[in-house]
There are 2 protein chains.
Amino acid sequence: MLKLTKKADYGLMALKYLAEHPETPALSAKDVADAYGIPAQLLAKILQRLTKTGLLRSQAGINGGYALARDARQISAYEVILAIDGPFFITSCTKGAHGCELTPSCTIKEPLARVNETIAGVLKSISIHDLVEQEHPPQGGDKKGLVSLTV
Amino acid sequence: MLKLTKKADYGLMALKYLAEHPETPALSAKDVADAYGIPAQLLAKILQRLTKTGLLRSQAGINGGYALARDARQISAYEVILAIDGPFFITSCTKGAHGCELTPSCTIKEPLARVNETIAGVLKSISIHDLVEQEHPPQGGDKKGLVSLTV
DNA sequence: CAGTATACGACTAATTTGGTCGGCCTTACA
DNA sequence: TGTAAGGCCGACCAAATTAGTCGTATACTG
Ligand code: FES
Ligand code: FES
């Protein structure tokens, strides 16, 4: 409930791993999968998807693999999740398309849509680079990426 | 993905409905279920759970039913969701108990835990009363419950 | 060409969620 | 005092989603 899918998690982990190895021109799906002990074929599919959405660049053939398409700072967690799991809405009813015709009396969705935006905002404010940074977390009064919005 | 379960949704709807009818001493699960067209038995179970966690007061017997245990302002969406779906973590690995022993190398969880807290914070800042209020939403520069935290 | 890698779709398995059923206990009130 | 409206609870089944596998085709390197 209200949690990332494993695929999205894997995706983030992989991107982070790639961000940590900027020297290497490309890392194969297997390399990354082995590093974290996640199913290679599954990760492969995930990376393929990320490639299709433009977050990664791929190279087939020997010594091929994947590399970030942009700087780690320019890739937000939001993009990754979006690419892997598709658009997400906290409310069950999509609202945008045709509303919740079944339960027209329910007005819960409106305020919840804001929660949704808030979450999206937070996710957008986190970049892959941030994930790498916080590897060694105990830094003091850090304050970048301040999120502030009214509910 | 990253969405409320229907149960939680139902629960919020029900609480909102109860909040909208403060005159009546108690509304039966069936009353509420009919009002929104949701399965009565399922709603009943949800309301029972909310009762057990102290958000509702119940009354058995004829003319019995449920009523809010506290003022609508004092019940947060967070509590409701927590009561229905159990504690939620955005990360797959619970982290608290025994960490992610399987993938000790993964440090994704740390920053994501903050996202988790942010979401929880937003949810906590929304009360059932807010849901009722925003029924007729187009009010101007409202600014209560401002959430602000660093990521 | 041989070998290593991505690309992609179909499929199955596992998990989670949604929903139902049946029996029991409590209370109002006729 | 008995009966019907209602809550309470656990077991169970069904549907949906997610996780993971397999097979095959294609691309690149040397
Ligand atoms: S769930 Fe669709 S309007 Fe409430
Ligand atoms: S998923 Fe558990 S540490 Fe990353």
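Quick note on labels: first sequence line is chain A, next is B, and so on, each numbered from 1. In this text the structure is predicted, and so the values were computed from the model without any measurement.
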Give the rounded distance in Å between these two atoms: [atom1] of [X] and [atom2] of [N].
{"X": "B:L43", "N": "C:dG19", "atom1": "CG", "atom2": "C1'", "result": "12 Å"}
{"X": "B:I84", "N": "C:dG18", "atom1": "CD1", "atom2": "P", "result": "10 Å"}
{"X": "B:R57", "N": "C:dT26", "atom1": "CZ", "atom2": "C1'", "result": "17 Å"}
{"X": "B:K30", "N": "D:dA5", "atom1": "NZ", "atom2": "C1'", "result": "11 Å"}
{"X": "A:L4", "N": "D:dT18", "atom1": "CG", "atom2": "P", "result": "11 Å"}
{"X": "B:I81", "N": "C:dT17", "atom1": "CD1", "atom2": "P", "result": "13 Å"}
{"X": "A:I46", "N": "D:dT18", "atom1": "CD1", "atom2": "P", "result": "13 Å"}
{"X": "B:R49", "N": "C:dG18", "atom1": "CZ", "atom2": "C1'", "result": "13 Å"}

Quick check: on DNA chain D, is the nucleotide nearest B:K52 upstream (toward 5') of the one nearest A:K7, or the reverse? Name the residue that is more 5'.
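Of the two residues, B:K52 wins.
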Closer than 4.0 Å, any side-chain N/O of A:S58 to the OP1 or OP2 of C:dA7?
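So the side chain of A:S58 is within the cut-off, an N or O lying under 4.0 Å from OP1 or OP2 of C:dA7.
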Using a cut-off of less than 4.0 Å, is there contact between a side-chain N or O of B:Y10 and OP1 or OP2 of C:dG19?
yes
Approximate separation, where rounding is to 0.5 Å, of A:L50 CG and A:S58 OG:
11.0 Å
Value rounded to 0.5 Å, distance of CD1 in A:I38 from NZ in A:K6
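Here the rounded value is 10.5 Å.
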Give the nucleotide from the list D:dA19, D:dC8, C:dG18 with an atom nearest to the side chain of B:T51.
D:dC8
Please step through salt bridge (charged side-chain N to carboxylate O under 4.0 Å, His left out) for the pair A:R70 and A:E79, ending with a clear verdict.
CA-CA 12 Å; A:R70 329 176 208 146; A:E79 291 180 277; 2.8 Å; yes
Examine distances only and state if a side-chain atom of [X] and a backbone atom of [Y] form a donor-acceptor pair shorter than 3.5 Å.
{"X": "A:D31", "Y": "A:S28", "value": "yes"}
{"X": "A:R57", "Y": "A:Y66", "value": "no"}
{"X": "A:T24", "Y": "A:L27", "value": "no"}

B/S/- contact track for nucleotides 24-30 of chain D, protein heavy atom under 4.0 Å
---BBS-
Enumerate all atom pairs, one protein N or O and one N or O from nucleotides 20-22 of chain C, separated by less than 3.5 Å.
residue: C:dT20; atom: O4; partner: B:K45; partner atom: NZ; Å: 3.0

Paired with A:L18, the side-chain contact (heavy atoms from CB on, under 4.5 Å) test is passed by just one of A:L68, A:I75, A:I128, namely A:L68
What does A:A26 touch in the nucleic acid at a heavy-atom separation under 4.0 angstrom: a base, only the sugar-phosphate, or nothing?
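No contact.
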Sugar-phosphate, base or nothing in reach of A:A29, heavy atoms under 4.0 Å:
sugar-phosphate
Are the side chains of B:L112 and A:L12 in contact, using a 4.5 Å heavy-atom criterion?
yes
Considering residues, nucleotides and ligands other than A:D71, do more than 12 of their heavy atoms fall under 6.0 Å from its CG?
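Result for CG/A:D71: enclosed.
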